Amino acid sequence: MKFPIADQSILVTGGAGFVGSHLVDALAPHNDVRVLDNFSSGSREHLPAGVTVVEGDLRDPLAIQRGARGVDLIYHQGAVVSVTESVAAPRRTNAINLGATLDVLEQARIEDARVVLASSAAVYGDPESVPIPESATGDPPSPYGIQKLTGDAYARRYHDLYGLDTVCLRYFNIYGPRQQGPYSGVISTFLEQARAGEPITVEGDGEQTRDFVHVADVVRANLRAGVTETTGSAFNVGTGRETSIRSLAERIRRIVGRNVPIVHTDPRPGDIRHSCAETSRARTEIGFESAVDLERGLETLVEPATGDVIDAMIGEQVVEDEG
Ligand code: UD1
């Protein structure tokens, strides 16, 4: 099997976190991988042997400098991912989500390294219609969305102004093994509630929708972005399918097999109503298409998947992609 990225020196910021650690698992056997993380939400247990750890905070430019020294490629995954947390602490989350992105881009100029940025569907704000093409413009209702929108714009401008190879991946709602913690995303929250026999808490009427994409697909999109010749652009990373939060709650209750109540709480401030990716640009320009549907993806959580299962999900697709 030919792995798309090999013999490179690679920095993964947030490499001990949810998405970062799955990406590191995929890259590490074939590359020299360095992880910059402060372990505030990530975990050392997720890191495979042989990876170099630079422990540090993204708000410290010297930590970024140390992490990026001599690398060919930077996957900038480190961020505060919670929209709610950004509403509570706009300045602090801005320093992490935007300030550090600018520092990573600056350091990449010095190293002449490619940057693949973890951008977000949050850049589209509350879209006028779905599915959302990359050309849509947004007015994000949360500090988180503003931070991601600005970082995404900076990364594309660094390509135009300074000739840096940058690729923005606008992640839709990612789920999968290792997603954990108080702000970890609705699927893991609902699963935890149902397993504990507690009510599932739907915020608002539950008619809001999301495009849920499995982390194995997100890793594959990152592998594509690491090698594509189409730089200076942004690509949606989603499935193109919409699921309402209410129907998700019902589905999870069914899968877990516990008849817990589904309760409705107040809607979340800064929440968006509908989100779903238009996927054609990613397919035609970087050859990325999601392969794991929600049913199969939820199975990896209900029957907790080992790393090997996730590797296989990524690996099968890499082989298919290679034709
Ligand atoms: C998520 C990501 C964000 C990403 C964005 C892209 C997380 C924590 N956040 O934000 O980083 O950029 O997708 O689209 O992964 N909900 C409930 N009950 C709960 C929890 C959530 O009803 O207990 C609802 C929320 O009100 C919201 C939806 O589920 O309408 C999704 O919430 P969440 O999983 O936190 O993700 P986003 O805010 O969409």
Side-chain angles (χ1 to χ4, degrees), residues 14 17-20 41 77-88 93 96-98 101 117-127 130-132 136 138 140-152 168-176 178-196 198-215 218 221 234 236-253 260-278 294 301:
F18 166 45
V19 176
S41 59
Q77 302 292 312
V80 175
V81 299
S82 164
V83 174
T84 305
E85 207 175 328
S86 81
V87 174
T93 53
I96 300 166
N97 290 346
L98 179 57
T101 298
L117 177 70
S119 182
S120 167
V123 304
Y124 299 119
D126 233 331
V130 289
I132 317 168
S142 68
Y144 176 84
I146 296 168
Q147 294 153 14
K148 285 287 173 179
L149 174 64
T150 313
D152 181 301
C168 300
L169 295 181
R170 295 180 179 160
Y171 298 162
F172 281 66
N173 284 62
I174 310 174
Y175 69 100
R178 299 184 188 163
Q179 192 176 33
Q180 58 204 19
Y183 296 122
S184 66
V186 65
I187 288 185
S188 69
T189 304
F190 284 0
L191 275 168
E192 262 175 46
Q193 290 171 331
R195 282 199 183 111
E198 289 165 5
I200 295 180
T201 53
V202 171
E203 294 168 349
D205 63 8
E207 296 306 317
Q208 69 269 41
T209 59
R210 292 294 188 273
D211 179 339
F212 293 104
V213 58
H214 194 271
V215 70
V218 177
N236 287 340
V237 177
T239 66
R241 280 177 294 273
E242 242 182 311
T243 304
S244 80
I245 299 303
R246 172 78 205 191
S247 70
L248 177 74
E250 286 163 2
R251 196 165 180 160
I252 286 182
R253 177 167 67 178
V260 293
I262 295 174
V263 299
H264 288 259
T265 62
D266 287 343
R268 173 193 289 187
D271 196 33
I272 60 169
R273 194 68 183 157
H274 296 294
S275 179
C276 182
E278 160 64 60
L294 188 57
L301 293 170

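This is a predicted model, so every value here is computed, not measured. Counting convention: from 1, in listed order, for ligands and their atoms alike. Excluded from the calculations below are hydrogen atoms, water molecules and symmetry mates; all remaining heavy atoms, backbone and side chain alike, are included. Counting begins at 1 with the first residue of the sequence.
In summary, Arg210 and Asp271 engage in a salt bridge, as defined by a charged side-chain N under 4.0 Å from a carboxylate O.
Ser142 and Val87 get closest at one heavy-atom pair: CB-CG2, 4.5 Å. When all heavy atoms of Val83 and Gly270 are compared, the closest pair comes out as CG1-O, 4.2 Å. Here the closest non-hydrogen pair linking Gln179 and Gly185 is NE2-CA, 4.1 Å. Among all heavy-atom pairs drawn from Arg170 and Tyr124, the shortest one is NH1-OH, 2.9 Å.
Among protein heavy atoms, the minimum distance from atom 8 (C) of ligand 1 is reached at Tyr183 O, 3.1 Å. The shortest contact between atom 21 (C) of ligand 1 and any protein heavy atom is with Arg268 NH2, 3.3 Å. Closest to atom 36 (O) of ligand 1 among all protein heavy atoms lies Asn173 ND2, 3.3 Å. Of the protein's non-hydrogen atoms, Val186 N, 2.7 Å is the one closest to atom 34 (O) of ligand 1. The nearest protein atom to atom 31 (C) of ligand 1, hydrogens excluded, is given as Arg210 NE, 3.8 Å; this is a heavy-atom distance.
The shortest N or O to N or O distance between Val81 and ligand 1 is below 3.5 Å. Looking at ligand 1, you'll find an N or O of Gln208 within less than 3.5 Å of one of its N or O atoms. Considering backbone and side-chain N/O of Asp271, one or more are found under 3.5 Å from N/O of ligand 1.
When atom types are taken as modelled, the side chain of Asp211 and the backbone of Gly240 share a donor-acceptor pair closer than 3.5 angstrom. Asp152 places no side-chain N or O within 3.5 Å of a backbone atom of Cys168 that could act as its donor or acceptor partner.
Atom CD1 of Ile146 is separated from atom CG of Asn97 by 12.0 Å, given to the nearest 0.5 angstrom.
When Ser188, Pro267, Ser120 are ranked by how near their heavy atoms come to atom 4 (C) of ligand 1, first place goes to Ser120. With distances taken over non-hydrogen atoms, the option nearest atom 24 (C) of ligand 1 out of His264, Glu203, Gln193, Arg273 is Glu203. Considering each of His274, Arg246, Gln179, Glu207, the one bringing a non-hydrogen atom nearest atom 15 (O) of ligand 1 is Gln179.
For ligand 1, the atoms sitting less than 4.0 Å from at least one non-hydrogen atom of Val202 are 22 (O), numbered in the order shown with element in parentheses. Close approach of ligand 1 to Thr189 (heavy-atom distance below 4.0 Å) involves ligand atoms 23 (O). Which parts of ligand 1 touch Tyr171 is read off a 4.0 Å heavy-atom cut-off, strictly below it: atoms 6 (C).
For Ile245, every heavy-atom contact with ligand 1 shorter than 4.0 Å involves the side chain, none the backbone. Of all the heavy atoms of Tyr144, the ones lying under 4.0 Å from any atom of ligand 1 belong exclusively to the side chain. At a heavy-atom distance under 4.0 Å, atoms from both the backbone and the side chain of Thr201 approach ligand 1.
The aromatic rings of His214 and Tyr175 sit perpendicular to each other, their planes meeting at more than 60°, with 30° as the lower class boundary.
Side-chain contact between Val81 and Phe18 is absent, with no heavy-atom pair separated by less than 4.5 Å.
Tested against Asp205 for a salt bridge (charged side-chain N to carboxylate O under 4.0 Å, His left out), the candidates Arg268, Arg273, Arg246 yield a single pass: Arg273.
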